[in-house]
Amino acid sequence: MSRHPTSPDHANPVQSADPTVWGIIQREQQRQQNTLELIASENHVSPAVLRAAGTVFTNKYAEGYPGKRYYGGCQHVDEIESLAIERAKRLFGCEHANVQPHSGSQANQAVFLAALTPGDPILSLNLNHGGHLSHGMKVNISGKWFNVSQYGVARKDERIDMDEVRRLAREVKPKLIITGASAYPRIWDWAGFAEIAREVGALLLADIAHIAGLVAAGLHPSPVPHAEFVTTTTHKTLRGPRAGLTMCKADWAKKIDSAVFPGLQGGPLVHIIAAKAVAFGEALRPEFKTYQQQILDNARALAEALMARKYRLVSGGTDNHLMLLDLTSGHPNLTGAQAEKWLEQAGIIVNKNMIPFDERKPMETSGLRIGTPAVTTRGLKTEHMPVIAELIHLVLSSNGDADAIDRVRSRALELCAQFPLPSES
Ligand code: DSN
């Protein structure tokens, strides 16, 4: 009897069926093992999440929702989706959860489709001050379809200027106020935003993609009691598979579900929903809170070590998992783009990022965004953060000297070898 080339009992089906693809996967595995991942939005999932994502659920069409599908054979899909929903609701304490969005952008689009019509005014955080492209960037569907106004951080402390939010909200009367960011190192005042939203008759969306793990663990205030809609990706601090999640108050449930399917998406990615169920299960365990606390402790330790080396951090530090290093403080001629490249050569992965009131362009930038979720997953603790700060400093001060970068590369490799990626064995 011939065996299907991807039969699960085969030792390594990808390797034997397609060595080319397997080689690329192996090289990525090695890259992740041999570099320090400091991109604030990335993480290393558990072997259980990884395994659940690679299962036979990828074979199944399941348009619809548990108990109401357009396809036969959905009994186990219903089980897994219902479990993921139940766990998401328990984790965040929300009234309704839709686990089908394929990404954070689609999680947000579901809110737009449910609550807005094209041309409606919306108010969100300026992309150059840490906002996200799906919150109204000109070239994004959100920017093309809605009339976008944006608030920012105050020059004096680089924290969200709630007076400006109120002033703008009164002026533009948004239908939706969007909170949440991809590069904001401070705590969100959800209650303050909710008060402004109520005053001007706006709905409130909190996109907690970056801080979802902290929120789930109770280490950042939750927007759930304050906002009609809460969206997130599931792969950042939450440490699940690459995907999205839309939560809402019960009276928006039907509209959100219709917006996700059939409004935006067809068949859900059931294998990814299975992986979300596993990740939510992990996040409900006490160890997850310990992990999230360590992310915070590491971020604070790294911030302090960088500031001890005279680097300026936007807003003077961090309250969460990330920080923004202002290169103009120590290296005025060095762009974020160049710094990102040198650091990558040294095995330290970060991303260039605009800082508030940046005079450089987005492809250059004057900042670096640095986050601790992934290195914390590997087991690095606060005592390792001054070492990382030193390595970053050596690279930024190297002027691109290949020998100096190589020396840092060796030290980064040593650190990586001490902390292997999560593995099944
Ligand atoms: N691109 C993500 C980030 O890096 O923050 C947000 O979607």
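Since we're looking at a predicted model, the values are computed, not measured. Numbering of ligands and ligand atoms starts at 1, following listing order. Start at 1 with the first residue, then count along the sequence.
With respect to atom 5 (O) of ligand 1, the closest heavy atom belonging to the protein is His210 NE2, 2.7 Å. Looking from atom 7 (O) of ligand 1 to the surrounding protein, the closest heavy atom is His132 NE2, 2.8 Å. The nearest heavy-atom contact from the protein to atom 2 (C) of ligand 1 is Lys236 CE, 3.9 Å.
Using a 4.0 Å cut-off between heavy atoms, Arg369 contacts ligand 1 through its side chain alone, with no backbone atom that close.
Cation-pi contact between Arg239 and Tyr291: present, with separation from the ring centre below 6.0 Å and deviation from the ring axis of at most 45°.
For the 3.5 Å distance criterion, the side chains of Arg159 and Ser315 fail to qualify, holding no donor opposite an acceptor.
A salt bridge links Arg167 with Glu171: the closest approach of a Lys/Arg side-chain nitrogen to an acidic carboxylate oxygen falls below 4.0 angstrom.
Annotation: Phe112 is not in aromatic contact with Trp145 [ring centroid separation under 6.0 Å not met].
The contact set between ligand 1 and Ser182, taken as ligand atoms under 4.0 Å from a residue heavy atom, comprises 5 (O). Which parts of ligand 1 touch Ser41 is read off a 4.0 Å heavy-atom cut-off, strictly below it: atoms 3 (C), 4 (O), 5 (O).
At distances below 3.5 Å, at least one donor-acceptor pair connects side-chain atoms of Trp190 with backbone N or O atoms of Pro221.
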